[in-house]
Amino acid sequence: MAERVATVSRDTHETQIQVHVNLDGQGHFQCETGVAFLDHMLDQVARHGLIDLDIHAKGDLHIDDHHTVEDLGITLGQAVAQAIGDKRGIRRYGHAYVPLDEALSRVVVDFSGRPGLSMDVEFTHASIGRFDTQLFWEFFQGFVNHAQVTLHIDNLKGFNAHHQAETIFKAFGRALRMAVEPDPRMAGRMPSTKGSL
C-alpha cells in the first residue's frame, strides 16, 4: 500500500490552518491551535488512532473558538480524505467503546463516501473550562462533510463532561484506526459491491 499521508492548508478571513496527517503513523502529535482543550482531545485521536498529526492554526479567538474549531474539523477531514486515497484494501468500518471512570462512549465510522453525522451526546455541562461543548458537534460535522464518512457518536453514560468528551475522542481515534487499517483478506479490492466509494 502506498504511503498514506496528506498536508492540507485552509486560509480564510477567519482562520489559517495547516494539517499534516499520516494514517500509518505511530501516534506522534504536534498541535498549536490556541484552543487548549481541543488540542488535548486531538492528542487522544493521534495516540489511540496511531495516526501522526501535525496541526497549526491561527483563528479569530478574540471573537470566540467557533470558527477555529469548525475549520479544524473541515481541514482534518480533507487531509484524511486525501490520505486514504481510493480506499482499496481498507477495512472501511471501524468501531470502539471507550470508558473513563463513570463515562462510556461508542463511536462507529464508515468510510462510505457519504457524509453523515449522528451524535447523541448530552453533555452535563455547557462548558469544559472555557470550551463550549456545543463546538464538538461543529468539529465533527466539519470532519464528516469533508472526509466523506458516516459517523455515529453515542455517549452511553457519564456525569463528568471532561470524561464524556475524552471517551468520545479516544473512541473516535480507535474507530478511525480500525477503519483505515489495511485488510489482508481484502487484498487491494474495493470494500463495496458498487466497486467504488
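Residues: numbered from 1 along the sequence shown. A quick note: this is a predicted structure, and the numbers were derived from the prediction, not measured.
- In this structure, Lys58 NZ and Asp11 CG are separated by 11.0 Å, a value rounded to the nearest 0.5 Å.
- Within the 4.5 Å cutoff, the side chain of Phe29 has no heavy atoms near those of the Val45 side chain.
- Between Val19 and Thr7 the shortest side-chain heavy-atom distance does not fall below 4.5 Å.
- Taking hydrophobic clusters as Ile, Leu, Val, Met, Phe, Trp and Tyr residues chained together by side-chain heavy-atom distances below 4.5 Å, Leu151 shares a cluster with Val21.
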**Request:** Give the C-alpha distance, both sets of side-chain angles, the deciding distance and a yes or no for side chain to side chain donor-acceptor pair (under 3.5 Å) between Asp154 and His152.
**Result:** CA-CA 7 Å; Asp154 297 283; His152 287 254; 5.2 Å; no
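- Side-chain N or O atoms of Arg114 include none that pairs as donor or acceptor with a backbone N or O of Asp110 at under 3.5 Å.
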**Request:** Go through the steps to decide whether Gln82 and Val8 satisfy the test side-chain contact (heavy atoms from CB on, under 4.5 Å), and finish with yes or no.
**Result:** CA-CA 9 Å; Gln82 283 190 26; Val8 173; 3.6 Å; yes
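- For the pair Gln141 and Leu117, the tightest heavy-atom approach, listed with the atom from each and the gap, is N-CD2, 3.7 Å.
- Taking hydrophobic clusters as Ile, Leu, Val, Met, Phe, Trp and Tyr residues chained together by side-chain heavy-atom distances below 4.5 Å, Ile153 shares a cluster with Val80.
- Follow the hydrophobic side-chain contacts under 4.5 Å out from Leu197 and you never reach Met178; the two are in separate clusters.
- Looking only at distances, no side-chain donor or acceptor of Asp60 sits under 3.5 Å from a matching main-chain atom of Ile63.
- Taking the six-membered ring for Trp, Phe172 and Phe143 have ring centres closer than 6.0 Å.
- The structure places OG1 of Thr33 at 8.0 Å from CD1 of Ile55, a figure rounded to the nearest 0.5 Å.
- Side-chain rings of Phe131 and Phe123 stay apart, their centers remaining 6.0 Å or farther from each other.
- Proximity of a side-chain donor or acceptor of Ser105 to a complementary backbone N or O of Leu156 within less than 3.5 Å is not detected.
- Scanning both residues, Asp39 and Gly34, for their nearest heavy atoms gives OD2-N, 4.3 Å.
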**Prompt:** What do the steps show when you test Leu135 against Phe140 for side-chain contact (heavy atoms from CB on, under 4.5 Å), and what is the final call?
**Reply:** CA-CA 9 Å; Leu135 295 182; Phe140 286 115; over 6 Å; no
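- Here the straight-line distance linking atom CG of Leu50 with atom CD of Glu181 works out to 8.5 Å at 0.5 Å rounding.
- Minimum interatomic distance between Asn155 and Leu104 (heavy atoms only, all atoms of both residues): ND2-O, 3.2 Å.
- By the 4.5 Å heavy-atom criterion applied to side chains, Leu42 and Phe139 are counted as neighbours.
- Within 6.0 Å of CZ in Arg91 there are more than 12 heavy atoms belonging to other residues, nucleotides or ligands.
- The CG atom of Asp54 sits 8.5 Å away from the SG atom of Cys31 when rounded to the nearest 0.5 Å.
- In this structure, Leu100 is not a member of the same hydrophobic cluster as Leu38, with clusters built from ILVMFWY side-chain heavy atoms closer than 4.5 Å.
- Using a distance-only test at 3.5 Å, with no hydrogens or angles considered, no donor-acceptor pair links the side chain of Gln164 to the main chain of Val121.
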**Candidate pair Val108 and Tyr93, rule side-chain contact (heavy atoms from CB on, under 4.5 Å), full reasoning** = CA-CA 7 Å; Val108 184; Tyr93 302 99; over 6 Å; no
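- A 4.5 Å side-chain heavy-atom check between Thr133 and His125 finds every atom pair outside the cut-off.
- Looking at every heavy atom in both residues, Ala175 comes nearest to Ala96 through N-CB, 4.0 Å.
- Under the 3.5 Å distance criterion, the side-chain polar atoms of Asp52 are left unmatched by any main-chain donor or acceptor of Asn22.
- When all heavy atoms are compared, the tightest approach of Ala79 to Ala6 is O-CB, 3.4 Å.
- By the 4.5 Å heavy-atom criterion applied to side chains, Asp132 and Asp65 are not counted as neighbours.
- Residues Leu61 and Thr68 are in side-chain contact: their nearest non-hydrogen atoms beyond the backbone lie under 4.5 Å apart.
- Ring pair His28/His20: centre-to-centre distance not below 6.0 Å.
- Residues Tyr97 and Met41 do not share a hydrophobic cluster, clusters being chains of Ile/Leu/Val/Met/Phe/Trp/Tyr side chains in contact below 4.5 Å.
- Only one option out of Ile74, Thr75, Asp71 pairs with Thr15 in a side-chain contact (heavy atoms from CB on, under 4.5 Å); it is Asp71.
- Note: Phe37 and His162 meet the aromatic proximity criterion, with ring centroids under 6.0 Å apart.
- Separation of atoms NE2 (His48) and CZ (Phe169) is listed at 12.5 Å; rounding is to 0.5 Å.
- Heavy-atom contacts from other residues, nucleotides or ligands closer than 6.0 Å to CD of Glu102 number more than 12.
- The closest side-chain heavy-atom distance from Ile17 to Ser9 is not below 4.5 Å.
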**Request:** Kindly determine whether Phe111 and Thr150 satisfy side-chain contact (heavy atoms from CB on, under 4.5 Å), including the steps that lead there.
**Result:** CA-CA 7 Å; Phe111 275 79; Thr150 300; over 6 Å; no
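- A salt bridge is absent between Arg92 and Asp183; no separation between the charged side-chain nitrogens and carboxylate oxygens falls under 4.0 Å.
- A donor-acceptor pair is defined here as one N or O able to donate and one able to accept, closer than 3.5 Å; such a pair exists between the side chain of Thr124 and the backbone of Phe159.
- Proximity of a side-chain donor or acceptor of Arg4 to a complementary backbone N or O of Val180 within less than 3.5 Å is detected.
- The shortest heavy-atom contact between Gly89 and Met186 is CA-CG, 3.8 Å.
- With hydrogens and angles disregarded, no donor-acceptor distance shorter than 3.5 Å links the side chain of Gln148 to the backbone of Val144.
- The CD atom of Glu166 sits 9.5 Å away from atom CG of Asp101, with the distance rounded to the nearest 0.5 Å.
- In this structure the side chain of Gln16 never reaches within 4.5 angstrom of the side chain of Arg10, judged on heavy atoms.
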